[in-house]
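Some notes on the structure that comes next.
A quick note: this is a predicted structure, and the numbers were derived from the prediction, not measured.
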Amino acid sequence: MLLVDTYLAPSPLEGLGVFASEFIPAGTLVWVLDPAVDLILTEAQLAERPQIYRQYMQRYAYFDRGLNGYLLDGDHARFLNHCAEPNIDFRADGNGEARRDIHFGEEILCDYSQFMEDVVLLPSSARPGLVAAPA
């Protein structure tokens with residue numbers, strides 16, 4: 001669950017992105033897991049769902065190695081885009097914190113490899129280049 005005010009807008013990286021609605025100082029806690037907001041499914045639970053839902057989960061959820069399950073963020077966080085030099089860092093405890101000051105209107109970016117194994121880079125539909133996607 002995001003702990004800072006954000007909005008969605010077209011991203012120059014891929015599709016929609018999450019943008020800061022406020023100044024976020026370095027060190028600010030930006031994201032925490034909240035089971036009342038964020039959905040976690042085991043592989044068995046996901047396999048029981050209809051194909052259309054599994055496709056949705058392939059697009060917006062990811063297999064979190066720390067949770068040993070698929071995590072679907074229940075807020076704008078599901079639209080966080082990947083960057084090799086992100087402005088938020090996922091700490092060992094799984095919480096996301098601002099690595100540096102993030103300014104109003106700046107896209108909030110994370111490094112998917114901090115919480116996903118086997119990140120596969122795919123061509124972006126938004127522009128030539130690479131974006132990360134679940135394997």
Side-chain angles (χ1 to χ4, degrees):
M1 175 178 81
L2 287 167
L3 302 175
V4 295
D5 193 18
T6 62
Y7 64 93
L8 297 178
S11 168
L13 297 176
E14 175 65 21
L16 291 176
V18 179
F19 293 81
S21 293
E22 60 187 356
F23 175 75
I24 304 167
T28 299
L29 194 57
V30 175
W31 186 92
V32 296
L33 177 65
D34 183 341
V37 175
D38 305 309
L39 175 66
I40 302 168
L41 294 176
T42 65
E43 289 195 50
Q45 289 170 317
L46 186 57
E48 294 171 350
R49 303 302 192 269
Q51 176 64 24
I52 192 73
Y53 186 76
R54 291 193 309 269
Q55 288 172 335
Y56 176 81
M57 291 292 283
Q58 287 175 336
R59 175 71 175 132
Y60 293 110
Y62 55 91
F63 189 83
D64 186 294
R65 64 178 169 243
L67 298 171
N68 198 30
Y70 291 89
L71 174 61
L72 178 66
D73 292 299
D75 60 8
H76 289 162
R78 76 179 65 176
F79 295 100
L80 286 170
N81 283 317
H82 168 80
C83 181
E85 293 294 324
N87 50 20
I88 63 171
D89 222 356
F90 281 87
R91 307 179 317 207
D93 64 6
N95 294 328
E97 136 182 316
R99 295 177 70 183
R100 59 169 176 75
D101 291 346
I102 301 171
H103 298 278
F104 171 83
E106 184 177 349
E107 186 168 4
I108 300 174
L109 301 166
C110 62
D111 180 351
Y112 290 175
S113 69
Q114 289 187 307
F115 45 85
M116 283 173 47
E117 289 184 14
D118 303 323
V119 175
V120 176
L121 297 177
L122 303 172
S124 170
S125 59
R127 66 177 175 86
L130 299 176
V131 296

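- Of all non-hydrogen atoms in N81 and L16, the two that sit nearest each other are ND2-O, 3.2 Å.
- Going from atom CG of L8 over to atom NE2 of H76 covers 4.0 Å, rounded to the nearest 0.5 Å.
- Hydrophobic clustering keeps I40 apart from V37 (ILVMFWY residues linked when any side-chain heavy atoms are closer than 4.5 Å, directly or through intermediates).
- Side-chain contacts under 4.5 Å among hydrophobic residues (ILVMFWY), followed directly or transitively, place Y7 together with F19.
- Under the side-chain hydrogen bond (donor to acceptor under 3.5 Å, both in side chains) criterion, the residue pairs touching residues 23-42 are W31-D73, T42-Q45, with sequence neighbours excluded.
- Y60 and Y62 fall within the same hydrophobic cluster, where Ile, Leu, Val, Met, Phe, Trp and Tyr residues are linked whenever their side-chain heavy atoms come under 4.5 Å apart, directly or through other members.
- Residue C110 comes nearest to F90 through the heavy atom pair CB-CE1, 3.7 Å, listed as atom of the first residue, atom of the second, then distance.
- Checked against salt bridge (Lys or Arg N to Asp or Glu O under 4.0 Å), R100 has the following partners two or more places apart in sequence or in another chain: E106.
- Hydrophobic clustering (ILVMFWY, side-chain heavy atoms < 4.5 Å, transitive): V18 and L39 are in one cluster.
- Residues passing the salt bridge (Lys or Arg N to Asp or Glu O under 4.0 Å) test with E97, sequence neighbours excluded: R91.
- In this structure, H82 contributes its side chain and Y112 its backbone to a donor-acceptor pair below 3.5 Å.
- Smallest separation of non-hydrogen atoms from E107 and P12: OE1-CD, 3.7 Å.
- Under a 3.5 Å cut-off, the side chain of R78 and the backbone N or O of L72 do not form any donor-acceptor pair.
- If you take CE on M1 and CG on L33, they are separated by 9.5 Å, rounding to the nearest 0.5 Å.
- Here Y56 contributes atom OH and Q51 contributes atom CD; the two are 15.5 Å apart, rounded to the nearest 0.5 Å.
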* Would you please test E22 and V4 for side chain to side chain contact (heavy atoms under 4.5 Å, CB included) and show each step? => CA-CA 8 Å; E22 60 187 356; V4 295; 3.5 Å; yes
* To do: List the steps, then state whether side chain to side chain contact (heavy atoms under 4.5 Å, CB included) holds for F63 with N68.
  => CA-CA 7 Å; F63 189 83; N68 198 30; 3.2 Å; yes
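- Contacts of Y53 classified as ring pair (Phe, Tyr, Trp, His ring centres under 6.0 Å), with partners at least two apart in sequence or in another chain: none.
- Nearest heavy-atom pair across D75 and L2 is OD2-N, 2.7 Å.
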* To do: Report the C-alpha separation of N87 and D101 in whole Å, then their side-chain angles, then the decisive distance to 0.1 Å, and conclude whether the side chain to side chain contact (heavy atoms under 4.5 Å, CB included) test is met.
  => CA-CA 8 Å; N87 50 20; D101 291 346; over 6 Å; no
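- Residues D89 and D111 have side chains not in contact (no heavy-atom distance under 4.5 Å, counting atoms from C-beta outward).
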* To do: Determine, step by step, whether L80 and I88 satisfy the side chain to side chain contact (heavy atoms under 4.5 Å, CB included) criterion, reporting the C-alpha distance in whole Å, the side-chain angles of both residues, the deciding distance to 0.1 Å, and the verdict.
  => CA-CA 10 Å; L80 286 170; I88 63 171; 4.3 Å; yes
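- Under a hydrophobic clustering in which Ile, Leu, Val, Met, Phe, Trp and Tyr are joined whenever their side-chain heavy atoms come within less than 4.5 Å, directly or via other members, V32 and V30 fall into different clusters.
- I24 approaches A98 most closely through the heavy-atom pair CG2-CB, 4.1 Å.
- Other members of a hydrophobic cluster containing F104 are absent, since no ILVMFWY side chain comes under 4.5 Å of it, directly or through relayed contacts.
- Across all their heavy atoms, R49 and L41 have their closest contact at NH2-CD2, 3.6 Å.
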